[in-house]
Amino acid sequence: MANSDKYEAVIGLEIHAQLSTNSKLFCGDATSFGAAPNTHVSPITLGHPGTLPKTNAKAIEYAIKMGLACGCTIAEDNYFARKNYFYPDLPKGYQTSQHTTPICIGGQVTIKSSDGEKTIQLNRIHLEEDAGKSIHDISPTDTLIDLNRAGTPLIEMVTEPCIHSAEDAFLYVTEVRKLVRWLGVCDGNMEEGSLRCDANVSVRLKGETTLGTKVEVKNLNSIRNIKKAIEFEIDRLIQLKETGGTIIQQTRSFDASNDTTFSIRDKEDANDYRYFPCPDLAPFHLTAAYIKSIQDQLPALPAALKKEWKVTYGLSEYDIEQLCEHKEEADFYIAWTLQTQHYKAAANWILGPIREYLNETNTNYAGLHTAIPYLVELLELVEKGVLSFSVATSKVFKGIMVNPQSPTKFAQDHNLLQTNSADEITTWIDEVLAAHPDKVAEYKKGKKGLIGLFVGEVKKKSQGKADPKIATQLLEEKLSS
Ligand code: ADP
Ligand code: MG
């Protein structure tokens with residue numbers, strides 16, 4: 001866009017993540033997705049008079065986990081406040097949230113942007129309950145209400161206004177989704193609404209230090225849409241500035257059918273939510289010992305693993321990124337490398353034959369841990385040159401998966417071990433050379449590169465059993481005579 005170089009975009013993101021607890025934040029109603037409408041709605045969820053909420057300790061634990069993983073300070077003294085407003089899907093007439101005392105303060109998330117590593121500063125992570133759902137697209141005349149979701153525990157993660165491109169916003173949300181899944185505190189499923197994002201966007205002239213008037217795009221339910229909505233808003237706001245228009249503080253919504261946004265309401269500066277501490281819920285104190293116990297249970301985080309694997313194991317950036325994509329896979333790699341020092345080979349096995357095998361058999365790593373001692377042995381056979389990589393992957397690995405046993409024994413029983421017997425290899429070499437007289441002639445005329453082809457043919461003929469080093473040596477001797 002013309003003149004867009006003059007401007008800087010400023011973005012702050014609010015992510016709501018549904019915590020993967022079995023029950024709701026203040027009662028025992030189930031949180032499972034997809035139940036028949038209004039079946040998980042006890043009188044507490046419905047806010048009937050006289051009912052008493054009770055805080056779900058698991059939700060607090062999950063919020064602390066996320067906070068610790070992001071380097072937040074955990075508040076020891078907490079309380080829940082009522083945020084009063086009326087909305088049809090809010091049965092109590094208020095939302096129970098944390099007002100001035102978020103459970104996690106500050107913190108950061110690191111992203112790897114195209115122009116280097118960046119730290120996205122967090123303002124807070126707080127606990128609150130979700131509302132129900134208004135459904136506008138089933139009946140042409142009525143709005144339907146499903147209150148199953150009402151009272152589901154959420155954490156809201158709020159960044160500082162420190163993101164400056166749609167691309168970085170995209171990377172940040174991707175990283176947060178990975179982290180909640182890694183920690184097991186949220187399934188990260190955006191299509192089902194377990195992770196939702198509001199994007200606050202403003203623009204200012206480069207070099208300006210005050211923030212421009214922001215607009216907020218609500219309830220973005222895919223990472224792609226977050227990026228599209230922000231791109232659209234940045235362009236729209238710059239256009240407004242360039243044409244002398246006025247930017248008003250607005251709440252907007254994204255229209256995925258044409259990648260644009262539209263206004264849903266102008267936002268008054270101060271909503272009057274009449275916050276006050278919830279009289280039904282006791283304030284809760286977290287002891288330092290409790291917080292430490294959660295810290296101690298945190299799994300190794302991707303950032304630490306990435307560093308270790310790069311420095312100590314010498315893995316490539318690509319391998320590291322791949323292995324840190326899913327925790328089950330990273331855990332498997334960790335377990336395996338506790339028993340072998342062929343770090344790079346183990347990574348190659350996971351990213352190649354093991355992934356392929358899990359895909360083909362539609363299974364996961366859970367069932368593979370007991371096979372680790374056999375895999376350690378299998379790697380050793382390949383590294384020692386006793387077994388070729390292709391025979392190891394195509395025959396031995398599959399064989400020992402079907403019928404768990406020592407790969408050495410399996411290879412012996414099936415006559416698959418590589419041979420370094422010159423006699424045996426020479427027999428294959430003779431057959432290969434006899435089958436390719438033209439190539440032999442070319443080689444003898446000086447096309448030495450053909451040696452690779454001959455070795456390949458010998459490997460094929462021997463079904464992977466010929467030791468390639470010895471085969472090469474014998475071939476060279478034969479062809480030069
Ligand atoms: P609100 O009260 O409207 O929710 P907050 O101050 O709590 O506003 O901020 C909400 C989010 O908006 C935060 O992520 C914050 O970083 C971001 N934000 C605030 N002001 C701006 C601005 N002028 N431009 C872009 N983002 C902003
Ligand atoms: Mg807000």
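Throughout, residue positions are numbered sequentially from 1 according to the sequence presented. Predicted model only: the values in this text are computed from it and were never measured.
- More than 12 heavy atoms of other residues, nucleotides or ligands sit less than 6.0 Å from atom CG of Asp255.
- At least one donor-acceptor pair closer than 3.5 Å links the side chain of Ser20 to the backbone N or O of Val185.
- At most 12 heavy atoms of other shown residues, nucleotides or ligands fall within 6.0 angstrom of atom NZ in Lys310.
- Of the charged side-chain nitrogens involved, none lies within less than 4.0 Å of a carboxylate oxygen, so that Arg177 and Asp187 do not count as a salt-bridged pair.
- Between the side chains of Gln98 and Tyr79, no donor-acceptor pair is found at a separation under 3.5 Å.
- Checked for salt-bridge contact, Lys112 and Glu321 meet the test: a charged N lies under 4.0 Å from a carboxylate O.
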Fill in: side-chain contact (heavy atoms from CB on, under 4.5 Å) between Val215 and Ile248, intermediate numbers included
CA-CA 8 Å; Val215 293; Ile248 32 177; over 6 Å; no
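- Judged by distance alone, with hydrogens and angles left aside, the side-chain atoms of Asn200 form a donor-acceptor pair with the main-chain N or O of Gly12 at under 3.5 Å.
- Counting heavy atoms of neighbouring residues, nucleotides and ligands inside a 6.0 Å radius, atom CZ of Phe276 exceeds 12 of them.
- Ion pairing of Asp130 with Arg149 is present here, as a side-chain N (NZ or NE/NH1/NH2) and a carboxylate O approach within less than 4.0 Å.
- Distance CE/Met190 to CG/Leu195: 5.0 Å, rounded to 0.5 Å.
- Heavy-atom minimum distance, Lys206 versus Tyr7: CE-O, 3.5 Å.
- The existence of a salt bridge linking Asp198 and Lys218 is confirmed by a sub-4.0 Å separation between a basic side-chain nitrogen and an acidic carboxylate oxygen.
- The ring pair (Phe, Tyr, Trp, His ring centres under 6.0 Å) pairs that include a residue from residues 93-138 are His99-Tyr275, where partners are two or more places apart or lie in different chains.
- The closest donor-acceptor contact from the side chain of Thr51 to the backbone of Gly47 lies at 3.5 Å or more, if one exists at all.
- For Gln339, the CD atom sits in a packed shell: over 12 heavy atoms of surrounding residues, nucleotides or ligands are nearer than 6.0 Å.
- The closest side-chain donor-acceptor pair between Thr101 and Asn78, if any, does not fall under 3.5 angstrom.
- Judged purely by distance below 3.5 Å, without hydrogens or angles, the side chains of Thr361 and Thr363 pair a donor atom with an acceptor atom.
- The pair Lys118-Asp168 meets the salt-bridge criterion, since a charged nitrogen lies less than 4.0 angstrom from a carboxylate oxygen.
- A salt bridge between Glu325 and Lys178 is present, with a side-chain N of the basic residue lying under 4.0 Å from a carboxylate O of the acidic one.
- A distance-only check finds no donor-acceptor pair linking the side chain of Asp142 to the backbone of Leu144 [under 3.5 Å].
- For Lys292, the side chain to side chain donor-acceptor pair (under 3.5 Å) partners at least two apart in sequence or on another chain are Asp296.
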Discussion item. Run Glu129 and Thr96 through side-chain hydrogen bond (donor to acceptor under 3.5 Å, both in side chains) and show every step you take.
Written reply: CA-CA 6 Å; Glu129 61 179 344; Thr96 308; 3.1 Å; yes
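- Between the side chain of Asn56 and the backbone N or O of Asn22 there is no donor-acceptor pair closer than 3.5 Å.
- The OG atom of Ser316 lies 12.0 Å from the CH2 atom of Trp309; values are rounded to the nearest 0.5 Å.
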Item to complete: Tell me, with the steps shown, if Tyr343 and Tyr333 meet ring pair (Phe, Tyr, Trp, His ring centres under 6.0 Å).
Response: CA-CA 9 Å; Tyr343 306 125; Tyr333 181 67; 7.6 Å; no
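- Using a distance-only test at 3.5 Å, with no hydrogens or angles considered, no donor-acceptor pair links the side chain of Gln250 to the main chain of Glu216.
- Considering only residues two or more places apart in sequence or on other chains, Phe33 meets the ring-ring contact (aromatic ring centres under 6.0 Å, His included) condition with none of them.
- Checked for salt-bridge contact, Glu317 and Lys306 miss the test: no charged N lies under 4.0 Å from a carboxylate O.
- Few gaps surround NE2 on His16; more than 12 heavy atoms of other groups in view lie less than 6.0 Å from it.
- Using a distance-only test at 3.5 Å, with no hydrogens or angles considered, no donor-acceptor pair links the side chain of Asp319 to the main chain of Ala347.
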